[in-house]
Every structure is written in C-alpha cells, then in structure tokens.
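The structure appears right after this line, and notes come after that.
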Amino acid sequence: MINNILEFNKKFVEEKGYEKYITNKYPNKKVAILTCMDTRLLELLPAALGLKNGDAKIIKNAGGVVAHPFGSVVQSLMVAILDLQVEDVMVIGHTDCGAQSMDAQKMLGKLKERGISEEDINLLHYCGVDFDTWLGGFDCVENSVKNTLTIFTHHPLIPKDVTIRGFIMDSITGELTSVECD
C-alpha cells in the first residue's frame, strides 16, 4: 500500500495538485480542534464544520483524549496557542468511537501475540507506564469530552483568555451536540 501511495504522490506533485492547498502555518480561523483519528472523520469533520485547508489546527489521536496533562496533545495545543495565534479550542468526540471498546488488558494480550515480551512490558510498567490509562479507553464519549474540558480549563499553562468548548459529533451526519463541563 505504501508504494501505491508513493506513486500517487509523485503524480500529485508532477501535476501540481498541491497548488489549491497552498496556505501558511497560521490557522485562518484561529481555532484548534482536538478530535479522534477515526477514519470517518477524515473528510466529514472539516466538511461539517465548513473548514478548508489552512483554517484550523487539528490534533488527532485515539479517542481525542488527553492521556497526560503534559503530553503531546497539550504540547501541540500550547504551540497552537502561543506561536500560531489560536484563540479558540474545540474538543470533539464522536458517536460510535472505537476507543470506547479499548481494554488495556486485551491490548497487552495483543502485544504479546505480536511478539512483545512480558519482560519489555514489565520494564515499561516498572518505569511508570500506566497501561490502564495509556491503552485503556472510556465508557462514555460525553464523559471523555468533559474530562478533557476539565483538563484544559484548569491547566496551569493554558491562558484563561482562550475559549474552550466541547462537542460530540454524529459520525454519520456530522451534527454537533454541545457538551458542558460540570
């Protein structure tokens, strides 16, 4: 598959397909979005929000969650706010999220099936990796969005003048439902 992608890329560049996507690093709408990496959202999310290339900083991971308050998600958000002029943050979970079914113990079992040794897993655990948090999912999308909102709104390094709001997107229609922090 990677070779097919590389062939397409070569033609894309040769035919100057990139020209309609040219923009700069600053988001036109001064918004950052934390959302899930779900394949259904690849085109649906920007289309449902009226976004085009260059409009927003989109941070994606499994479940659209913050695994650690000083991890890569918050680091990316800080860069967006401090260096790239982001003023608004949207946290967007979605219906039928695969992260809802994630189970850390099952994931560890799959790692072992794929040749990762018990010794390596134990070493990481000894070094402080909390597999239940890192590889575990969540039971409720709404609560997951609320948890992220709480982390962002109470984070000591996120400026208080940044607007932070949460939503759940219907993964079929793209409809947004607002989620309020408790």
Side-chain angles (χ1 to χ4, degrees), residues 1-10 32-46 56-84 86 89-158 164-172 174 177 179-182:
M1 181 51 66
I2 293 174
N3 287 334
N4 292 341
I5 290 171
L6 292 174
E7 283 180 40
F8 179 88
N9 176 258
K10 185 176 179 178
I33 299 167
L34 170 61
T35 194
C36 185
M37 65 181 197
D38 191 292
T39 56
R40 294 169 290 181
L41 303 183
L42 183 65
E43 292 186 37
L44 177 64
L45 184 130
K57 293 296 180 184
I58 300 178
I59 303 164
K60 291 184 164 197
N61 67 14
V65 300
V66 176
H68 190 282
F70 298 99
S72 64
V73 169
V74 176
Q75 176 195 31
S76 295
L77 187 58
M78 297 300 299
V79 169
I81 292 168
L82 300 174
D83 284 344
L84 302 173
V86 162
V89 176
M90 297 176 76
V91 177
I92 303 178
H94 68 95
T95 59
D96 190 33
C97 184
Q100 282 182 269
S101 62
M102 285 174 40
D103 176 273
Q105 294 310 308
K106 288 181 183 176
M107 297 288 272
L108 288 172
K110 290 179 182 182
L111 285 171
K112 292 173 190 173
E113 289 172 11
R114 300 286 299 268
I116 306 301
S117 72
E118 183 79 37
E119 182 179 279
D120 286 342
I121 291 170
N122 289 338
L123 176 62
L124 291 171
H125 182 72
Y126 176 77
C127 290
V129 175
D130 177 357
F131 288 107
D132 289 329
T133 300
W134 190 56
L135 290 177
F138 49 81
D139 294 328
C140 172
V141 174
E142 183 176 356
N143 288 343
S144 176
V145 171
K146 285 181 180 183
N147 183 55
T148 299
L149 290 173
T150 299
I151 291 169
F152 286 171
T153 58
H154 293 91
H155 199 286
L157 300 179
I158 295 178
I164 302 169
R165 296 196 48 205
F167 303 89
I168 297 173
M169 177 173 276
D170 184 294
S171 59
I172 296 172
T177 304
V179 174
E180 302 299 323
C181 199
D182 291 332

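Since this is a predicted model, take the numbers as computed values, not measurements.
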Taking atom [atom1] of [X] as the centre, report whether more than 12 heavy atoms of other residues, nucleotides or ligands fall under 6.0 Å from it.
| X | atom1 | answer |
| --- | --- | --- |
| I172 | CD1 | no |
| F8 | CZ | no |
| R165 | CZ | no |

Which value, rounded to the nearest 0.5 Å, describes the distance between [X] atom [atom1] and [Y] atom [atom2]?
| X | Y | atom1 | atom2 | value |
| --- | --- | --- | --- | --- |
| C140 | K146 | SG | NZ | 7.5 Å |
| W134 | M102 | CH2 | CE | 9.5 Å |
| F152 | L77 | CZ | CG | 5.0 Å |
| I58 | T35 | CD1 | OG1 | 8.0 Å |
| R40 | D170 | CZ | CG | 9.5 Å |
| I92 | I59 | CD1 | CD1 | 11.5 Å |

Report task. Please report the C-alpha distance between D120 and L111 in whole Å, then the side-chain angles of each, then the deciding distance to 0.1 Å, and finally whether the side chain to side chain contact (heavy atoms under 4.5 Å, CB included) criterion is met. Result -> CA-CA 10 Å; D120 286 342; L111 285 171; over 6 Å; no
For the student: nearest non-hydrogen atoms of [X] and [Y], plus distance:
| X | Y | answer |
| --- | --- | --- |
| L41 | C36 | CD1-O, 3.9 Å |
| S171 | D96 | OG-CB, 4.1 Å |
| L157 | M78 | O-CE, 2.9 Å |
| A99 | A62 | CB-C, 4.4 Å |
| G93 | V145 | N-CG2, 3.7 Å |
| M169 | G174 | CE-O, 3.5 Å |

State whether the side chain of [X] and the backbone N or O of [Y] hold a donor-acceptor pair below 3.5 Å, judged by distance alone.
| X | Y | answer |
| --- | --- | --- |
| D83 | V79 | no |
| H125 | F131 | no |
| Q100 | D139 | yes |

Does the side chain of [Y] come within less than 4.5 Å of [X]'s, by heavy atoms?
| X | Y | value |
| --- | --- | --- |
| V141 | T95 | no |
| I158 | I164 | yes |
| F70 | H155 | yes |

**Report entry** Residues L34, V66; criterion side chain to side chain contact (heavy atoms under 4.5 Å, CB included); working and verdict
**Finding:** CA-CA 9 Å; L34 170 61; V66 176; 4.2 Å; yes
